[in-house]
Amino acid sequence: MKTLITARGITKHFGATKALDGVDLDINAGEVHVLLGENGAGKSTLVKVLAGIHGQDAGTIEGHASLAVIHQELALVPELSVAENLFLNRLPRRFGFVDRAEMRRRAPELLQRVGLDVDPHAKVKDLGIAQQQMIEIARALDKNAGVLILDEPTAVLTETETDRLLQIMAQLRQNGVGLVFITHHLDEIQRIADRITILRDGRSVGVLGPRATTQHMIELMVGRPIDEQYPRAQQRPGQPLLSIEGLTRRGAFEDITIEVHAGEVVGIAGLVGAGRTEVARAAFGVDGYDHGTVKVDGKPLRRNDVQAAIKAGLGLVPEDRKGQGLVLTATVGQNLELVTLGDRDQKRLHDIAGKLRIKGRVEQPVKELSGGNQQKVVIGKWLLADPKVLILDEPTRGVDVGAKVEIYELINRMTAQGRAVLLVSSDLPEVIGMSDRVVVMAHGRVAGELPGGATQDQVMALAVQEISA
Amino acid sequence: MSTISIRKYAPKKYLAENGALAGLLVLALVIAIMQPAFLNAQNLLNVGVQAAVIAIMAFGMTFVVVAGGIDLSVGSIAALAAMVGALTAGPIGLLVGALCGLVNGALVSYGKLPPFIATLAMLSVARGLTLVFSEGQPHETDALVTFLGSNLAPMVPLPLLLMLAFFGITGLILTRTNLGRRMYAIGGNEEAAKLSGIDVRRQKLWIYALSGLFAAAAGLVLAGRLGSAGPQAAVGYELDAIAAVVIGGASLSGGVGRATGTLVGALVLAVLRNGLNLLQVPPFWQQVVIGAVIALAALLDSLRRR
């Protein structure tokens with residue numbers, strides 16, 4: 001097998017912190033090489049060093065192939081067409097002007113290579129996130145990239161979209177492309193990986209083969225055995241704390257009724273686009289709705305009034321951590337005090353930061369923290385406000401295994417104190433494992449409700465069903 | 001593994017701020033070497049007085065910039081406030097300035113206009129009203145406003161003291177009040193601020209009103225120094241105020257900025273003007289140099305942040 005890129009002893013410091021410490025990595029032609037590790041383990045830094053975005057402080061990289069990185073934040077121009085994005089920077093030209101005919105001719109060919117069936121003239125902003133990813137991959141292939149690095153591409157994809165991506169990856173592998181795949185989903189790794197390099201605290205702690213067990217991977221990753229992935233501790237439910245009754249917004253969701261009792265975790269599952277986030281945001285007062293009521297502890301909330309919702313005891317951890325949850329220019333402490341600005345108790349800030357095991361100082365800029373720690377900050381700002389009901393929208397997206405379990409423990413602690421949690425999640429094992437009941441949404445409606453411990457198949461059966469309007 | 005310590009963090013930020021301060025000291029040193037008269041006590045006081053008007057205006061601008069906006073109307077508001085102050089009474093001028101700011105805030109938050117457009121409109125409206133009220137003539141200021149521009153005692157110019165007072169107030173608002181903390185949240189991530197229960201629209205109303213109020217105060221100080229309010233007073237001052245804020249290390253994309261930075265920024269501009277005059281650089285060239293210094297300051301800041 002041909003080795004495309006050989007990296008030896010890569011070391012990289014950022015100030016006093018050692019992000020990478022003597023990491024070795026080989027990328028072979030025709031293999032899927034998974035990089036696995038908790039957030040902050042050094043995966044992204046390693047990718048950036050390989051791509052030449054960061055220079056390494058020590059170590060060597062030898063390469064015999066050009067390399068393309070598909071970052072989590074896609075590098076597409078939303079207002080331009082699919083074809084223009086494909087040839088961005090290398091637009092075919094004739095007489096000094098863009099040669100549209102040539103573009104039209106070559107675009108479908110490229111799109112076919114990634115199995116994407118879209119109109120080359122469509123604007124990129126009108127496409128779904130999965131399709132946009134494919135366009136980036138197609139563009140990388142057109143540049144004859146021998147090595148393709150995919151940085152958590154599946155974090156934003158639905159199940160079917162993920163399946164599709166894995167198929168394309170398998171096909172690229174057959175064509176001799178070397179793939180580096182970063183993901184937190186261990187099941188995906190088992191489906192596609194040829195080799196798995198596991199990073200912990202900037203060091204490579206093991207290289208596993210395709211038949212590695214989940215248990216083995218997790219233990220290497222966190223450096224200690226993990227007892228249980230979903231440690232839900234059920235409580236006896238008390239009085240209803242959150243009642244969503246007949247909530248309707250035309251075109252988004254219809255007749256949604258969900259009740260969450262004290263001590264309970266209710267999950268909302270469903271496909272992307274089923275209206276889960278929309279319901280969560282409407283209940284919290286961020287967006288309006290046409291009919292229905294939202295009650296917290298029996299008292300109806302004014303619609304479209306976040307302040308009233310918070311005062312009544314509601315909290316929302318939004319799905320987009322960086323875009324909606326954090327003030328990235330501010331420190332950890334400033335983010336923690338965001339909801340409870342009036343009460344300026346530094347001791348409580350430090351207490352909560354310690355209790356959440358946030359790896360980072362209160363005075364540190366929050367953007368320097370890893371994803372899992374950032375998410376703990378967002379949750380922490382709500383815990384300071386001590387809400388009766390906390391709505392968590394994709395709370396563990398892009399969060400590593402260790403931090404995930406800590407977030408689950410927080411959920412347990414809240415419900416043990418008689419609070420309630422509404423858990424919106426696309427991660428099926430999570431929503432099943434951590435919820436006492438699961439409400440499944442499809443096409444903006446409640447498709448059904450399942451008890452905790454339901455199977456993934458049962459949830460999916462409800463999620464994909466067609467509801468006649 | 002929780003490593004929460006009370007140790008002072010953010011050496012980078014510290015550097016960024018001292019960067020502007022270091023620039024100011026180097027600038028002063030160079031000028032002092034080339035023209036020792038610069039260090040004359042009277043001259044240094046003059047620099048302070050000259051800095052005062054821009055600094056007070058820039059403090060108000062700091063609130064807006066930290067909250068992710070911009071206020072192009074401060075020069076016009078200063079002129080309008082001074083004119084209304086001269087025609088009626090100083091405090092009424094202040095009130096008018098705050099009102100103009102409120103209108104800016106309403107246009108931005110409830111009218112959903114980009115701050116650039118809303119305050120550009122106010123720049124024109126406030127200047128126009130100044131011309132209308134003044135009928136194109138300068139008007140003498142009353143005793144109270146004239147007092148603002150005078151010396152409290154020999155070698156104790158009131159504008160300098162006022163600048164320091166506004167500096168203190170600005171620092172207090174930014175770091176010790178909820179409104180100030182919210183400015184950073186709104187400028188850093190408006191969506192996150194909203195989802196954390198901050199009434200972003202109402203906060204913006206107050207933020208722009210504060211900027212208007214500060215601009216009016218700057219206008220009164222300016223008129224007091226000159227003894228009269230002119231229809232064309234403070235034209236273009238908004239650009240100096242923005243420059244002072246940016247030289248001071250604030251980010252025009254919001255969420256970053258400090259009172260000390262803005263003070264240093266305003267002093268840099270005043271020292272530069274004063275020094276260029278002392279060195280007898282022709283006024284046309286002065287503009288070129290000042291522009292280059294602004295670009296240089298912003299460049300250094302952007303390099304430091306990398």
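Every chain is numbered from 1 and lettered A, B, ... according to where its sequence line falls, protein lines coming before strand lines. What you see below is based on every heavy atom in this structure, not just the backbone, and it leaves out hydrogens, waters and symmetry mates.
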Legend entry - Contact origin within A/Lys322 toward chain B - heavy atom pairs under 4.5 Å: backbone

Inset, instruction - To the nearest 0.5 angstrom, please state how far the CD atom of B/Glu190 sits from the CD atom of A/Gln324. - result: 13.0 Å

Inset, instruction - Please name the pair of heavy atoms, one in A/Thr329 and one in B/Gly254, separated by the smallest distance, quoted to 0.1 Å. - result: CG2-O, 4.2 Å

Inset, instruction - State whether the number of non-hydrogen atoms from other residues, nucleotides or ligands found under 6.0 Å of B/Phe116 atom CZ is greater than 12. - result: no

Legend entry - Heavy atoms from other residues, nucleotides or ligands near NZ of A/Lys295 exceed 12 (cutoff 6.0 Å): no

Inset, instruction - Indicate the atoms forming the closest heavy-atom contact of B/Ala192 with A/Lys381, along with that distance. - result: O-NZ, 4.3 Å

Inset, instruction - Flag yes if more than 12 heavy atoms outside A/Lys48 fall under 6.0 Å of its NZ atom; otherwise flag no. - result: no

Inset, instruction - Check the pair B/Glu191, A/Arg321 against salt bridge (charged side-chain N to carboxylate O under 4.0 Å, His left out), reporting the backbone distance first and the verdict last. - result: CA-CA 11 Å; B/Glu191 183 69 11; A/Arg321 185 164 53 239; over 6 Å; no

Inset, instruction - Heavy-atom pairs under 4.5 Å with chain B are the metric here; pick the option from A/Leu356, A/Asp320, A/Leu328, A/Leu338 that has the most. - result: A/Leu338

Legend entry - Contact summary for A/Phe284 and B/Leu195, nearest pair of heavy atoms: CE2-O, 3.4 Å

Legend entry - Side chain proximity check, A/Leu326 to B/Asn189, heavy atoms < 4.5 angstrom: no

Inset, instruction - Kindly give the heavy-atom pair with the smallest separation between A/Val306 and B/Lys194, and that separation in Å. - result: CG1-O, 3.7 Å

Inset, instruction - Working to the nearest 0.5 Å, report the span between CD of A/Glu337 and CZ of B/Arg181. - result: 5.5 Å

